[in-house]
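Working notes, beginning with the structure itself.
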Amino acid sequence: DQQVKQNSPSLSVQEGRISILNCDYTNSMFDYFLWYKKYPAEGPTFLISISSIKDKNEDGRFTVFLNKSAKHLSLHIVPSQPGDSAVYFCAASDTDKLIFGTGTRLQVFP
Amino acid sequence: SAVISQKPSRDICQRGTSLTIQCQVDSQVTMMFWYRQQPGQSLTLIATANQGSEATYESGFVIDKFPISRPNLTFSTLTVSNMSPEDSSIYLCSVYTGIAAYEQYFGPGTRLTVT
């Protein structure tokens with residue numbers, strides 16, 4: 001039973017436009033949500049997080065939105081840049097552990 | 001943040017053999033984690049390795065198959081024992097520095113192929 005789901009395996013966006021990556025979860029007890037970015041042959045790198053008591057967190061071009069009633073979060077990247085092309089994982093914290101989604105491969109084309 | 005290195009970066013092994021993966025951190029950390037990412041899958045936590053105590057394994061993972069050592073606060077090893085092709089995965093270690101809530105920092109991973 002997958003507690004964190006990313007239903008879109010891939011997303012293609014033109015440079016300069018907005019990229020929206022989605023994530024759904026099932027456990028209402030998760031207290032923190034995080035987004036990681038992963039390039040090939042590298043480990044995931046932390047991007048942005050949000051506490052369950054908030055509905056939005058912004059850091060430069062990256063904004064994460066949390067809708068607790070829908071058990072849904074999204075990552076907005078605007079404007080998208082070719083260097084953003086990577087696999088994005090959402091994760092939820094369960095006490096000291098992180099539970100990851102399956103990832104969405106974002107491709108930003110010129 | 002923390003800088004993490006893993007050895008080897010990749011390996012091709014024959015079934016029935018074992019491989020030990022090393023994880024080195026540039027600072028002392030309490031909590032280290034080992035993950036597996038099978039092809040096309042998410043990162044799955046294998047175990048939590050705390051210094052001075054036995055590793056805590058997640059459901060589906062056992063110590064006989066994935067023994068872990070944590071001799072000090074900057075180093076850990078994961079052994080994949082009696083390998084089969086199903087063990088072909090990327091194995092990653094991560095650390096929690098405790099500075100920011102739940103942020104974990106990952107090593108570059110070890111790509112294992114079992115033939």
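These numbers come from a predicted model, not from an experiment. Chain A is the first sequence line, chain B the second, and so forth, proteins listed ahead of strands; every chain is numbered from 1.
- For the atom pair A/L47 CG and B/E103 CD, the distance stands at 10.5 Å (nearest 0.5 Å).
- Between B/Y35 and A/F100, the ring centre distance stays below 6.0 Å.
- Looking only at heavy-atom pairs under 4.5 Å with chain B, the residue among A/I99, A/T45, A/D31 that has the most is A/D31.
- Interface remark: A/Y36 contributes side-chain atoms only to the contact with chain B (heavy atom separation under 4.5 Å).
- A heavy-atom distance below 4.5 Å is found between the side chains of B/L43 and A/F89.
- Counting all heavy atoms, side chain and backbone alike, A/G43 lies closest to B/L92 at CA-CD2, 3.9 Å.
- To the nearest 0.5 Å, atoms CZ (B/F33) and NZ (A/K97) are separated by 9.5 Å.
- Only the side chain of B/E58 comes within less than 4.5 Å of a heavy atom of chain A; its backbone N, CA, C and O stay farther away.
- Heavy-atom distances place no part of A/A91 under 4.5 Å from chain B, backbone and side chain included.
- For A/I18, the CD1 atom counts as densely surrounded, since its 6.0 Å shell holds more than 12 non-hydrogen atoms of other residues, nucleotides or ligands.
- In this structure, the portion of B/Q41 lying under 4.5 Å from any heavy atom of chain A is its backbone and not its side chain.
- B/Y105 and B/I46 fall into different hydrophobic clusters, defined by Ile, Leu, Val, Met, Phe, Trp and Tyr side-chain heavy atoms under 4.5 Å apart, directly or through other members.
- In this structure, A/R61 places its CZ atom where more than 12 heavy-atom neighbours from other residues, nucleotides or ligands lie under 6.0 Å away.
- In the displayed structure, A/E42 atom CD is contacted under 6.0 Å by more than 12 heavy atoms of other residues, nucleotides or ligands.
- Annotation: maximal heavy-atom pairing with chain A below 4.5 Å, among B/G109, B/S42, B/S94, B/S9, occurs at B/S42.
- Transitive grouping of hydrophobic side chains (ILVMFWY, heavy atoms separated by less than 4.5 Å) brings A/I48 and A/L11 into a common cluster.
- The cluster map of Ile, Leu, Val, Met, Phe, Trp and Tyr, joined by side-chain heavy atoms under 4.5 Å apart, puts B/Y91 and B/F61 in the same cluster.
- Placement of B/M83 and B/F66 within a single hydrophobic cluster is found when ILVMFWY residues are connected by side-chain heavy-atom separations under 4.5 Å, directly or transitively.
- With values rounded to the nearest 0.5 angstrom, B/F106 atom CZ is found 6.5 Å from A/L98 atom CG.
- Between chain B and the options A/G101, A/A41, A/P9, A/S51, the largest number of non-hydrogen pairs under 4.5 Å is found for A/G101.
- Put simply, the side chain of A/K38 reaches to within 4.5 Å of the side chain of B/Q37, judged on heavy atoms.
- In the hydrophobic cluster analysis, where Ile, Leu, Val, Met, Phe, Trp and Tyr join through side-chain heavy atoms closer than 4.5 angstrom, B/I63 is grouped together with B/W34.
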